[in-house]
2 protein chains.
Amino acid sequence: MGHGVEPVVSGVFPADILNQDCPSRGVLRHLTDRWTPMIVTVLADGRRARFTELRRAIEGVSPKVLTETLRSMERDGLVGREVTPSIPPRVDYWLTELGASTVAPLAALREWAEQHVSVVEQNRERYDGSAASLGG
Amino acid sequence: MGHGVEPVVSGVFPADILNQDCPSRGVLRHLTDRWTPMIVTVLADGRRARFTELRRAIEGVSPKVLTETLRSMERDGLVGREVTPSIPPRVDYWLTELGASTVAPLAALREWAEQHVSVVEQNRERYDGSAASLGG
DNA sequence: CCGTATCCAAGGTGATACTG
DNA sequence: CAGTATCACCTTGGATACGG
């Protein structure tokens, strides 16, 4: 907690995230980048993986974006990176302790998504249906 | 669980999210839209809020984007919306039961971000520093 | 008050070819 | 193998003015 002490809505004391200038907004945003949760999923439980293993495990990611995401995660201290200068070269990635601490929260979110897909899709159909019948 | 049974990386059995075509990707993405976690934060604990209250509570959000985000959350069944056709009009938002089930996972993520901002920032400085000294 | 309409900037993301 | 370089898209998000 942090920057304000005034309630914004009755009974709501501002989480830092609600504060315009709080850098936690950027951190959260980063943590929820398109491929970050998937990388964390693959590297959970102390697993190491090479670049191509990650690329294969995470369907649809391009090498460019995977590199960018891994770099920024490395920069933030979420993943470690080890280069073995052999031929062919070998690079391994793993979660640091800090990165490992994101596994539980990210897994919870991922599981929520996986478990509620069908309900959400039903809700969408129902909503779109009502909208259509309003128009007709 | 779902679509595949083959391990992608040794010991890694694919979560649905890793599957290219799994709609849970879209759901997760949506759940982590820029303003969704903040809306959920404000509406947690069964609180209701009017449009303008949300807008004030969530610093920096524009009316257009707030509307869009609320609409899509309503479409997915995460928030309820009640219009009171008075003058001036009054519209209330709240979390549905489904929406309320996202509070815990989203709060965990938000708290992670709020609690680790400084560490992440330190890591970034260190990383950028090493990069600079490599160049010089 | 609660939005919508319009226009616009930014950058996240992607496809692909190429290099050490 | 492990990326980088390049180009382009196109969605997300923002500023602002206006309408019911």
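Note on naming: letters A, B, ... go to the chains in the order of the sequence lines (proteins, then strands), and numbering restarts at 1 for each one. Keep in mind it's a predicted model, so treat the numbers as computed, not measured.
- Listed for the Asn19(B) side chain is a donor-acceptor partner under 3.5 Å among the backbone atoms of Asp21(B).
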Exercise for the section: Evaluate the side-chain contact (heavy atoms from CB on, under 4.5 Å) criterion for residues Val91(B) and Arg50(B): first the C-alpha distance (whole Å), next the side-chain angles of each, then the deciding distance (0.1 Å), finally the verdict. Expected result: CA-CA 6 Å; Val91(B) 180; Arg50(B) 303 176 62 171; over 6 Å; no
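- Straight-line distance from the CG atom of Leu70(A) to the P atom of dA2(D): 11 Å, rounded to whole Å.
- Distance Glu59(B) CD to dG13(D) C1': 18 Å, rounded to the nearest Å.
- Comparing Pro89(A) and Gly60(A) along DNA chain C, the residue whose closest nucleotide (by nearest heavy atom) sits nearer the 5' end is Gly60(A).
- For the pair Arg34(B) and dG11(C), the criterion of a side-chain N or O lying under 4.0 Å from OP1 or OP2 is not met.
- Per the geometry, CG belonging to Leu66(B) stands 14 Å off P belonging to dA15(D), to the nearest Å.
- The interatomic distance linking Glu68(A) (CD) with dC7(D) (C1') rounds to 14 Å, in whole Å.
- Side-chain contact check for Trp112(B) versus Leu28(A): every heavy-atom pair is 4.5 Å or farther apart.
- The side chain of Pro88(B) has dC1(C) as its nearest neighbour among dT4(D), dC1(C), dT13(C).
- Under the 4.5 Å side-chain contact rule for hydrophobic residues, Val103(A) and Leu43(A) share a cluster.
- When the nucleotides dC1(C), dA2(D), dT13(C) are ranked by their closest atom to the side chain of Thr52(B), dC1(C) comes out on top.
- Contacts of Thr67(B) with the nucleic acid, taken as non-hydrogen atoms under 4.0 Å apart, include base atoms.
- Ser72(B) and His30(B) form a side-chain donor-acceptor contact under 3.5 Å, judged by distance and modelled atom types alone.
- The CZ-C1' distance, from Arg71(A) to dT4(D), rounds to 10 Å in whole Å.
- For the pair Tyr93(B) OH and dC1(C) P, the interatomic distance rounds to 14 Å; values are reported in whole Å.
- Between Arg29(B) and dT13(C) there is a side-chain polar atom (N or O) within less than 4.0 angstrom of OP1 or OP2.
- Side-chain atoms of Arg48(B) do not come within 3.5 Å of backbone N or O of Leu95(B) as any donor-acceptor pair.
- Straight-line distance from the CG atom of Leu54(B) to the P atom of dC2(C): 9 Å, rounded to whole Å.
- Side-chain atoms of Val91(B) lie closest to dC2(C) of the nucleotides dG3(D), dT4(C), dC2(C).
- In this entry the distance linking CE of Met38(B) with P of dT12(D) reads 16 Å, nearest Å.
- Below the 3.5 angstrom threshold, one finds no donor paired with an acceptor across the side chain of Lys64(B) and the base of dT16(D).
- Comparing Arg90(A) and Val61(B) along DNA chain D, the residue whose closest nucleotide (by nearest heavy atom) sits nearer the 5' end is Arg90(A).
- Side-chain nitrogen and oxygen atoms of Arg55(B) include none within less than 4.0 Å of the OP1 or OP2 phosphate oxygen of dC2(C).
- Checking the phosphate oxygens (OP1, OP2) of dG3(C), a side-chain nitrogen or oxygen of Arg81(B) falls inside 4.0 Å.
- Under 4.0 angstrom from either OP1 or OP2 of dC2(C) there lies at least one side-chain N or O belonging to Arg50(B).
- Side chain of Val65(A), nearest nucleotide from dT13(C), dA15(D), dC2(C): dT13(C).
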